[in-house]
Every structure is written in structure tokens, then in C-alpha cells.
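Here the structure is laid out as C-alpha cells; the discussion comes afterwards.
No experiment lies behind these values; they were computed from the predicted model shown. Below, chains carry the letters A, B, ... as their sequence lines are ordered, and counting in each starts from 1.
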Amino acid sequence: MNVAVMNTLQAVGFLAIGFIVAAVVGMFAHWFDRKLTARIQWRVGPPFFQPVWDFLKLLTKEVIVPEGASRFVFLAAPLLGLAAVTVVTAILIRTIIFPAQSFVGDLIVVMYLLTVPSQAVILGAFASANPLASLGGSREMKLVLAYELPFILAIIVVLIKAGGAIRIGEIIQYQAASRPVVASVSGALAFLISLLVMQAKLAKGPFDAPEAETEIMGGAYIEYSGVALGVFKLTQWMMLFTMPLFLIVVFLGGINWAGSWLNVGYAALEYLGILVVMVLIRNTNPRVRIDQAMKFFWAMVAPFGVVAIILAFLGLRFRGL
Amino acid sequence: MNLKLKALTKSLWVFHLAASPCNNCDIEILDALTPRFDLERFGIQLVGSVRHADAILVTGSMNRKSSERLKRVIGQAAKPCFVIAVGNCSCSTEMFGKSYNETKPLDSVVPVDAYIVGCPPKPEAMIQAVAALVEAKLAAARKQV
């Protein structure tokens with residue numbers, strides 16, 4: 001068999017693995033989120049297979065395209081988000097398994113693709129010809145503008161630490177050779193910043209203004225029903241896996257599975273820890289207005305990102321910063 | 001087993017439609033969704049958009065103005081979707097029956113799947129009614145097979 005066919009088969013295989021792993025773990029993460037929220041509120045919470053039933057139900061429901069909506073964009077937007085998150089997961093899993101084989105600039109590709117689900121939400125919201133949906137879409141757009149700046153600043157800290165590498169594989173190898181990025185002052189600061197960014201990227205409280213149930217009734221998703229809504233929900237759940245995985249890879253040293261299989265369990269613990277922090281933040285903070293969110297990210301988080309970059313440059317000379 | 005119906009009954013998302021109620025039943029519906037009763041145990045969630053709804057809880061008596069709008073809103077829901085009449089007003093118009101604004105019961109406007117009587121019904125009654133509705137739908141599906 002020639003090389004091109006082999007490469008195509010390998011790519012399809014990794015995409016399938018990425019999709020299945022992200023969907024299964026993402027559904028678990030969604031259940032974990034809801035269950036932990038329920039326990040915090042002193043309730044019992046949903047059963048374990050609740051996300052599966054929710055998704056199956058949405059698959060069997062009618063899909064309504066609202067009058068006046070742009071039919072193609074309205075139905076294509078959920079698929080765009082799903083495709084993007086699948087590709088990101090595939091790239092991350094392949095890089096974890098073969099760190100030496102990743103391509104130059106895949107960090108930039110991953111960062112671009114991680115914003116595509118948000119763009120899909122914006123597209124779908126504006127295509128659905130509903131004033132509340134377009135309000136949700138515009139809020140999502142402002143949120144993307146708000147969190148991308150601190151996110152990029154936090155990733156630049158990783159680049160400085162890893163000696164200017166823009167390949168995720170090199171970042172993993174650097175961390176395996178010395179120590180994880182988070183084990184330094186600037187790295188820890190950047191990790192904290194990216195935890196806050198993750199909260200906004202996943203549209204979890206206090207940054208859930210784009211889909212605020214109580215004021216704009218689901219916001220961007222208001223006109224979606226059936227399979228289209230199910231695909232949007234699945235994309236959200238898969239992001240619950242992919243985004244923490246990305247943080248584990250660039251800040252916590254990835255998953256060193258070749259060293260010992262115990263490290264996979266260790267990475268799972270790190271993942272659960274990130275999820276718990278996310279759920280606790282979401283349950284203890286009321287929703288902020290979109291202007292407050294922008295002010296928070298630009299005026300409070302971004303300066304810390306600059307401080308982290310300066311510390312990282314100092315860290316090239318003084319160990320530990 | 002009818003997987004389609006099972007999935008629907010395992011994750012009922014309810015939409016609360018207030019068609020000129022006195023707000024009493026609405027408060028009781030909200031009570032049913034509080035941590036004390038915890039409807040999320042059964043996969044029941046309150047949704048903000050009628051497009052996401054699997055069950056529509058209608059409160060209040062239908063009058064000349066609200067019945068037209070009610071028909072429009074229920075028509076916007078994605079099928080299959082249950083309609084549940086909550087409270088005496090939507091079941092039978094209660095004391096507003098002889099009003100000037102032509103009140104009528106909900107089932108004279110749209111087909112209704114379940115009735116919950118009471119003024120207002122207790123949250124326990126609503127949970128029981130939803131459970132009975134799920135049972136009845138599953139039993140009907142079993143009979144068809």
C-alpha cells in the first residue's frame with residue numbers, strides 16, 4: 001500500500017479516536033458537572049447515563065428551521081463546531097502518543113481551532129433570525145474578544161519556557177526533560193489565567209452571558225431543536241474534554257504514558273481536578289454582565305499575563321521564576 | 001423496547017407557559033424544580049426556549065387573547081411534545097368560567113396529554129402526574145408492539 005493511502009487511513013483513524021474519546025469523556029464530564037452541582041445544592045442529581053439519554057432524545061426530535069433564517073448556515077454551524085473540536089482532539093491525542101511526529105506550528109493551529117466552536121455558535125445565532133439569539137451571538141463574540149488576549153499571553157509564557165517551540169511535541173518533550181511549565185512562578189500564573197479563560201471558553205458561569213437561561217432564554221441556542229441542538233450540546237460536552245486536555249498538555253507536562261502507565265491515571269486525576277475547580281467556580285459566582293466580563297479579562301487578567309511573560313523572561317536567567 | 005419514547009421520557013425538558021394565570025400555579029411549578037423535590041433526578045429540566053421543550057406546562061385559563069398566542073407558541077415546539085394542563089383554571093376555567101373575556105379550558109384549544117387539578121396543585125401532585133403520564137405513554141407503546 002502506498003504512503004498516501006496509509007497516511008489518509010491513519011488520519012481518519014485518529015479523527016475517529018478523537019471523536020469517540022472526546023464524546024465519551026465529555027458526556028462523563030457533563031454528568032460530573034451536573035452531579036457535583038447537585039451535591040453542592042444538597043440534591044441527588046441526575047443519573048449516570050443522563051447525557052446519553054439527553055443526546056438520544058435530541059436525535060429523535062424534529063428539527064425546525066425558523067422562518068426567515070438562513071437555512072444552510074443555520075444547519076451547517078453546529079457541524080462546523082463539531083468538526084473543529086474533533087480535529088483538535090485528534091491532534092492532541094496524536095501528539096501525546098507520538099510527541100516527535102507533530103508538525104511545526106500545531107500549537108497555533110490548535111489555538112485557532114479552539115475558537116471555532118465559539119464562531120460556530122455566533123454563526124448559528126446570527127443565522128437563526130431571532131433577536132434574542134443575535135443578542136446571545138453578539139455577547140459570545142465579545143466574550144471571544146475578551147478572553148483571547150489573556151489566553152495568548154498565557155500561551156506565550158509556555159513558548160518562552162520551552163525555548164520558543166511552537167510545536168506541541170517539543171513542549172511535551174521539554175517538560176518531560178526538565179519539569180512541567182506550571183512548576184514555576186510565571187507558569188503557575190499563566191496556568192491560573194488559562195483556567196479563567198477556560199471558564200469563559202466553555203461558557204460556564206460566571207461567564208455564561210451568551211446563553212443566559214434566565215434573561216435571554218438560551219441565547220444563541222434559542223431557535224435550535226432536535227439534531228442541530230444535539231450536535232451543539234455534544235460540541236460543548238466535547239470541549240469539556242478537549243480544553244482541559246490542552247491545558248494538561250501545555251502546562252502540566254502532558255501524559256507521559258511511555259514512562260509508566262500510572263502516569264495515565266495521574267493525568268486522569270489532573271483532569272478531574274481541573275473539572276472540580278471549574279464546577280466550583282461556576283457554582284460560587286453569579287453571572288457577570290458582558291461589559292464586566294470584558295473589563296475583567298482586559299483590565300485585570302491581561303496585566304497579570306504581561307507580568308507572567310516578564311517573569312518568564314527573568315526565569316531564563318533566574319531558576320524558579 | 002421503544003428507544004425513541006424511552007429517551008424522551010428519560011429526559012423530559014419542560015417549558016413553562018403562563019397563559020394568563022394568577023401566578024399561583026407558576027410558583028408551585030417553580031417549587032417543584034427546587035432542590036427539595038429535585039426533578040433533575042428524573043432528567044427533568046426547565047428550559048427557556050419552547051423549541052427545546054418536550055413537555056409544555058400550561059397554567060391559567062385561556063381567554064380570547066391568550067388562546068391565539070398559546071396556539072402559536074405550542075405550534076413552535078419541536079414534536080414529539082406533551083401538553084400538560086396545570087391547575088383548575090387550565091383544566092376547567094375554575095371561577096373565571098363566566099368572565100366577559102370568553103375563558104375556555106385548555107383542551108378546547110389544543111389536545112392535552114395530562115391534567116393536574118388543584119388550586120394550586122402541590123409539587124408532589126405535579127411529579128405524580130408526570131410520572132403517570134410517562135407510565136401511560138410507555139404502556140401504550142408496549143400495547144402497540
Side-chain angles (χ1 to χ4, degrees), chain A residues 27 30-31 33-67 69 74 125 128 130 132-133 136 208 211-230 232-233 283, chain B residues 1-18 26 29-57 71-83 123 127 130-131 133-134 137-138 141:
Chain A
M27 277 186 178
H30 178 64
W31 169 81
D33 174 12
R34 282 172 67 177
K35 184 79 179 175
L36 200 56
T37 306
R39 295 308 298 155
I40 289 169
Q41 295 169 354
W42 214 250
R43 336 186 240 121
V44 178
F48 186 71
F49 287 106
Q50 190 58 46
V52 182
W53 290 120
D54 282 351
F55 186 64
L56 278 179
K57 179 206 71 182
L58 287 172
L59 289 187
T60 62
K61 294 270 286 186
E62 183 189 9
V63 182
I64 300 172
V65 179
E67 204 180 317
F74 184 79
S128 55
N130 183 309
L132 292 173
D208 56 347
E211 48 184 284
E213 289 278 329
T214 42
E215 39 174 319
I216 51 173
M217 288 133 211
Y221 307 114
I222 188 167
E223 289 287 352
Y224 276 94
S225 62
V227 184
L229 181 66
F232 259 138
K233 292 270 174 201
N283 276 294
Chain B
M1 193 66 222
N2 189 340
L3 190 67
K4 207 170 160 178
L5 191 65
K6 182 149 192 218
L8 183 67
T9 53
K10 283 265 185 187
S11 93
L12 270 184
W13 290 359
V14 295
F15 178 75
H16 175 197
L17 180 54
D26 307 67
I29 288 176
L30 292 184
D31 278 352
L33 295 157
T34 50
R36 184 180 174 84
F37 298 101
D38 188 22
L39 285 180
E40 208 181 2
R41 281 178 295 163
F42 314 115
I44 298 178
Q45 261 185 314
L46 188 70
V47 291
S49 164
V50 72
R51 299 262 196 231
H52 308 172
D54 305 307
I56 300 177
L57 303 175
K71 267 190 243 171
R72 253 181 83 185
V73 172
I74 290 183
Q76 285 173 348
K79 306 288 172 298
C81 181
F82 303 136
V83 177
I127 296 169
V130 172
L133 173 69
V134 166
K137 293 282 170 191
L138 288 177

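Counting only distance, with no hydrogens or angles, the side chain of B:H52 and the backbone of A:S225 share no donor-acceptor pair below 3.5 Å. No side-chain donor-acceptor contact under 3.5 Å links A:K57 to the backbone of B:A7. The main-chain N or O of B:K79 is found under 3.5 Å from a side-chain atom of A:E62 such that the two form a donor-acceptor pair.
B:F37 places none of its side-chain heavy atoms less than 4.5 Å from the side chain of A:R43. A:I222 is not listed as a side-chain neighbour of B:R51, based on a closest heavy-atom distance of 4.5 Å or more.
Seen from the ring of B:W13, A:K61 does not count as a face-on cation partner, given the 6.0 Å and 45° thresholds.
In this structure, no portion of A:L59 lies under 4.5 Å from any heavy atom of chain B. Residue contact with chain A, scored on non-hydrogen atoms closer than 4.5 Å, involves the side chain of B:Q45 exclusively. At a 4.5 Å heavy-atom cutoff, the contact between A:Q50 and chain B is made by side-chain atoms alone. Only the side chain of A:I64 comes within contact range of chain B, with heavy atoms under 4.5 Å apart.
Sorted by first and then second residue, the salt bridge (Lys or Arg N to Asp or Glu O under 4.0 Å) pairs with a member in residues 47-56 of chain A read A:R34-A:D54; sequence neighbours excluded.
Taking each heavy atom of B:D38 and A:V44 in turn, the nearest pair found is OD2-N, 2.8 Å.
Here the CG-OG distance, from A:L56 to B:S11, works out to 9.0 Å after rounding to the nearest 0.5 Å. Taking OG from B:S49 and CG from A:N130, the interatomic distance works out to 8.0 Å, rounded to the nearest 0.5 Å. Taking OG1 of A:T60 as the start and CG of B:D54 as the end, the distance is 8.5 Å to the nearest 0.5 Å.
In this structure, the side chain to side chain contact (heavy atoms under 4.5 Å, CB included) partners of A:F49, at least two apart in sequence or on a different chain, are A:V52, A:W53.
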